[in-house]
2 protein chains.
Amino acid sequence: MVTIYDIAQKANVSAMTVSKVINNTGRISEETRRKVKKVMEELNYIPNSNARSLVLQQTQILSLLITDITNPFYTSLARGAEDGAKQYGYRLLFGNSDEDYAKEKDYVDMILSTRVDGVLFAPAGDLSLKNLEKLRAHNIPFVIMDRAVPGIESDMICGDSKEGARKLVDYLIGLGHRRIALVNGSLDVSTARLRYEGYAEALALQGIPLDETLIIHQNYRDYHADDHLEQLLEQPSPPTAIFAANNVLAVGVIRDLRDRGIRVPEDISVVCFDDLDLSSALDPFLTVAAQPAYQFGAMGIQLLVERIRGSSVPDSRKVILPSELVIRSSAKPI
Amino acid sequence: MVTIYDIAQKANVSAMTVSKVINNTGRISEETRRKVKKVMEELNYIPNSNARSLVLQQTQILSLLITDITNPFYTSLARGAEDGAKQYGYRLLFGNSDEDYAKEKDYVDMILSTRVDGVLFAPAGDLSLKNLEKLRAHNIPFVIMDRAVPGIESDMICGDSKEGARKLVDYLIGLGHRRIALVNGSLDVSTARLRYEGYAEALALQGIPLDETLIIHQNYRDYHADDHLEQLLEQPSPPTAIFAANNVLAVGVIRDLRDRGIRVPEDISVVCFDDLDLSSALDPFLTVAAQPAYQFGAMGIQLLVERIRGSSVPDSRKVILPSELVIRSSAKPI
DNA sequence: TATTTTAAAGTTACCGATAACTCATTATAC
DNA sequence: GTATAATGAGTTATCGGTAACTTTAAAATA
């Protein structure tokens with residue numbers, strides 16, 4: 001590989017002069033600059049960013065850690081983060097924790113040893129605390145996305161889980177539903193707790209008693225609630241509507257229902273958090289509380305870069321991005 | 001940040017000894033090893049991989065360059081690549097070219113200056129030649145995925161575009177269709193050319209004349225064929241079926257058709273390349289030639305790592321992963 | 001003409017690791 | 001008891017850049 005020393009030699013200048021030309025620092029005569037640039041082109045010089053990072057103590061790399069790359073929500077978020085990173089001149093080191101704390105820890109170690117300048121972090125759940133504390137202990141700036149982690153104060157971009165859940169359940173109640181089931185994520189994830197709260201609150205406001213037998217807890221990422229769903233449906237008084245806490249769960253639920261010959265929405269209504277993008281474009285079916293996923297990523301990067309560059313940024317900034325109730329056809333009046 | 005020198009000092013040994021303990025090289029007494037390890041834990045030492053890369057001349061980073069992160073095909077591929085990278089102990093530097101040669105070039109420059117050990121490269125199209133030649137000029141091993149680039153010989157993982165297209169069109173012909181339109185990607189992309197060939201061949205085999213007025217060319221990533229579709233449908237003898245060259249195009253086409261009140265498959269049948277994952281799980285509607293996207297990524301990494309590590313790997317290995325015809329309900333007999 | 005200023009370039013040390021070699025000890029062989 | 005080998009650890013140079021300072025020579029000023 002060509003180094004500044006090769007350039008220096010061929011251009012008959014010192015390595016420092018080459019460095020100055022590259023970075024546009026110091027005083028360089030127009031003639032020398034041209035000469036050096038010419039040699040750089042001739043030799044196809046590409047700066048070694050490892051060497052640069054070593055001395056500058058910064059890498060111009062940001063890390064994006066998400067929990068499910070096959071979920072369109074995170075995909076759009078990644079797209080936003082990518083565009084943002086590019087705009088600010090950072091590279092993006094990418095990680096996918098699969099909602100798995102151990103995998104997440106591995107990525108944190110990678111991130112640390114890469115000496116990235118900052119991390120955009122979508123935590124797997126409450127137990128991400130340790131991993132986040134590790135980043136903090138090493139003074140790596142981070143912005144938490146999507147899910148709050150009790151015990152960690154930091155910049156944060158979240159959705160309105162509680163509010164969005166309320167809106168969805170309100171909508172179902174408005175359609176006349178009273179027996180509304182909740183297929184929720186794991187309770188060690190903040191959004192699952194908040195969506196539960198929103199669900200409970202919406203019911204309470206309408207004087208509908210909360211029935212714990214109508215609630216299933218699942219993993220946000222891989223749905224396998226078949227048995228629980230069975231129980232749900234074979235109750236004496238089965239639900240007429242289901243609120244799934246995210247898109248993946250909704251798809252799983254609907255598939256299971258159809259496997260049983262139960263039609264949506266004719267026999268049972270289904271709504272959920274997060275949209276399905278391509279799927280919704282193909283067939284505007286699922287009624288959802290859609291979150292502005294791209295914004296999550298783009299704004300996340302913005303906050304992160306401000307935090308990295310800016311000294312005078314307020315302590316822990318919280319941004320709440322509202323979700324939008326998109327009414328389609330997966331829920332109907334009772 | 002803690003360095004090996006801090007460890008060395010506190011443990012009363014030389015930095016070299018610490019390095020040897022970290023890498024398990026050289027001769028170290030059990031006692032010293034324990035002492036050093038203890039100090040490393042106490043000080044929360046994390047190795048600086050930039051420094052390491054500089055001297056070792058390798059980064060343990062692979063780069064994944066795809067063309068559309070919102071397309072489920074590439075998403076699954078990324079998932080496979082990620083798992084593969086992790087398995088082999090590499091980090092993944094992620095790039096998304098958006099089918100844009102300029103963006104692709106920027107990423108190639110990033111990749112080069114990061115001194116990644118190898119690149120998994122899904123080219124935007126034929127004009128990616130320059131970018132690939134640049135990688136080659138700098139001796140960065142790469143594996144091309146999904147699309148061949150004329151002028152470049154390298155390890156490659158592709159689908160069976162021609163064969164898959166033939167199968168899809170055969171299927172349509174079998175249903176009685178004779179007027180079959182093709183909504184294709186841009187012709188500077190190899191898969192678009194091959195899918196066109198497969199389409200033409202299937203027609204020819206059945207003695208159906210090729211009608212160029214039934215063919216629309218689009219960008220694989222953002223569909224906006226409204227005007228062309230209009231012309232297509234207002235022909236004296238409009239198509240009874242449409243073969244879309246990928247999933248994104250299919251979704252666009254179907255949306256446009258529905259906007260016009262044309263029903264799929266009642267009024268017109270639609271099939272395409274690549275599946276829609278979540279969408280198909282939600283509603284098994286679209287009849288597709290599904291490619292094993294995850295395999296693309298996983299095998300890609302495998303070939304790449306073999307290329308990096310192995311000296312005795314044959315020159316340009318081509319892997320063709322077959323697609324599977326998944327018959328659902330978006331096409332019906334005429 | 002002597003002195004100061006300024007522009008342009010070069011020197012040196014360092015970022016944090018590792019390779020290759022050297023240097024003490026201690027153990028083993030003759 | 002001396003020569004040799006084996007063990008455990010340390011020295012030095014280097015990877016490819018950049019910061020901070022120094023040097024050189026020409027231009028400006030007195």
Side-chain angles (χ1 to χ4, degrees), chain A residues 1-37 39-40 43-61 91 109-110 112-117 138-140, chain B residues 1-37 39-40 43-61 91 109-110 112-117 138-140:
Chain A
M1 275 284 184
V2 179
T3 71
I4 52 167
Y5 298 96
D6 302 322
I7 311 283
Q9 195 170 28
K10 191 157 182 204
N12 247 300
V13 296
S14 75
M16 198 59 229
T17 300
V18 178
S19 173
K20 283 173 186 161
V21 168
I22 293 169
N23 296 294
N24 248 303
T25 52
R27 305 178 178 289
I28 301 287
S29 72
E30 213 24 70
E31 195 196 332
T32 310
R33 183 184 306 281
R34 257 202 310 278
K35 187 172 61 179
V36 170
K37 284 203 162 164
V39 176
M40 291 196 331
L43 299 188
N44 273 314
Y45 171 72
I46 307 264
N48 183 326
S49 56
N50 294 301
R52 206 153 184 281
S53 298
L54 194 56
V55 53
L56 290 184
Q57 303 282 53
Q58 49 155 307
T59 52
Q60 295 297 114
I61 296 181
R91 292 167 284 172
D109 287 342
M110 261 189 190
L112 249 15
S113 90
T114 307
R115 302 292 195 264
V116 303
D117 293 346
H138 288 273
N139 281 311
I140 311 286
Chain B
M1 272 285 185
V2 178
T3 71
I4 52 168
Y5 297 95
D6 302 320
I7 311 283
Q9 195 170 29
K10 191 158 180 201
N12 246 301
V13 296
S14 74
M16 198 59 228
T17 301
V18 178
S19 173
K20 283 172 184 161
V21 169
I22 294 170
N23 296 295
N24 247 305
T25 53
R27 305 179 178 290
I28 301 287
S29 72
E30 215 22 73
E31 194 196 331
T32 311
R33 184 185 306 280
R34 258 202 308 278
K35 188 171 61 178
V36 169
K37 284 203 164 167
V39 176
M40 288 195 334
L43 299 188
N44 274 313
Y45 171 73
I46 306 265
N48 183 325
S49 56
N50 294 301
R52 208 155 181 278
S53 298
L54 192 57
V55 52
L56 290 182
Q57 303 282 52
Q58 49 155 304
T59 51
Q60 295 296 114
I61 295 181
R91 292 166 284 171
D109 287 341
M110 260 190 191
L112 250 16
S113 88
T114 309
R115 301 293 195 263
V116 302
D117 294 346
H138 288 273
N139 281 309
I140 311 287

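As the structure is a prediction and not an experimental result, all values here were calculated from the model. These values consider heavy atoms only, across backbone and side chains, with no hydrogens, waters or symmetry-generated copies. To find a chain, count down the sequence lines: A is the first, B the second, and so on, and within it residues start at 1.
Atom-to-atom, CZ of A:Arg27 to P of D:dT23 comes out at 18 Å; the value is rounded to the nearest Å. For the pair A:Met40 CE and D:dG17 C1', the computed distance is 14 Å after rounding to whole Å.
Side-chain atoms of B:Arg91 and A:Thr114 form a donor-acceptor pair, as typed in the model, at a separation below 3.5 Å.
Here the shortest heavy-atom pairing between B:Asp117 and B:Gln60 reads OD2-N, 2.8 Å. Scanning both residues, A:Ser113 and B:Ser49, for their nearest heavy atoms gives O-OG, 2.6 Å. The two residues A:His138 and B:Met1 make their nearest non-hydrogen contact at O-CE, 3.7 Å. Smallest separation of non-hydrogen atoms from B:Ala8 and B:Ala15: CB-N, 3.6 Å.
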(request) Would you mind building the protein contact string for nucleotides 10-15 of chain D? One character per nucleotide, 5' to 3', B for base within reach (heavy atoms under 4.0 Å), S for sugar-phosphate only, - for untouched. (result) BB---B

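In secondary-structure terms, DNA chain C builds stems of at least 3 consecutive Watson-Crick or G-U pairs, each pair having both distances under 3.5 Å, at C:1-30 with D:1-30.
A side-chain contact (heavy atoms from CB on, under 4.5 Å) with A:Val2 is found for one member of A:Leu43, A:Asn48, A:Asn44, A:Ile46 and no other, namely A:Leu43.
Between A:Glu31 and A:Arg34 no salt bridge is recorded (no basic side-chain N to carboxylate O distance below 4.0 Å).
The 5' end of DNA chain D is approached more closely, in terms of each residue's nearest nucleotide, by B:Thr32 than by the other of A:Pro47 and B:Thr32.
In the displayed structure, B:Gln58 atom CD is contacted under 6.0 Å by more than 12 heavy atoms of other residues, nucleotides or ligands. Around atom NZ of B:Lys35, more than 12 heavy atoms belonging to other residues, nucleotides or ligands sit under 6.0 Å away.
In this structure the side chain of B:Arg27 never reaches within 4.5 angstrom of the side chain of B:Thr32, judged on heavy atoms.
Taking the 5' to 3' direction, DNA chain C first and last meets chain A under 4.0 angstrom from a heavy atom at C:dA7 to C:dG16.
A:Asn23 comes within contact range of the sugar-phosphate backbone alone, with a heavy-atom separation under 4.0 Å but no base atom that close. A:Ile4 comes within contact range of at least one nucleobase, with a heavy-atom separation under 4.0 Å.
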(request) Apply side-chain contact (heavy atoms from CB on, under 4.5 Å) to B:Tyr45 and B:Ile22, showing your working. (result) CA-CA 11 Å; B:Tyr45 171 73; B:Ile22 294 170; 3.5 Å; yes

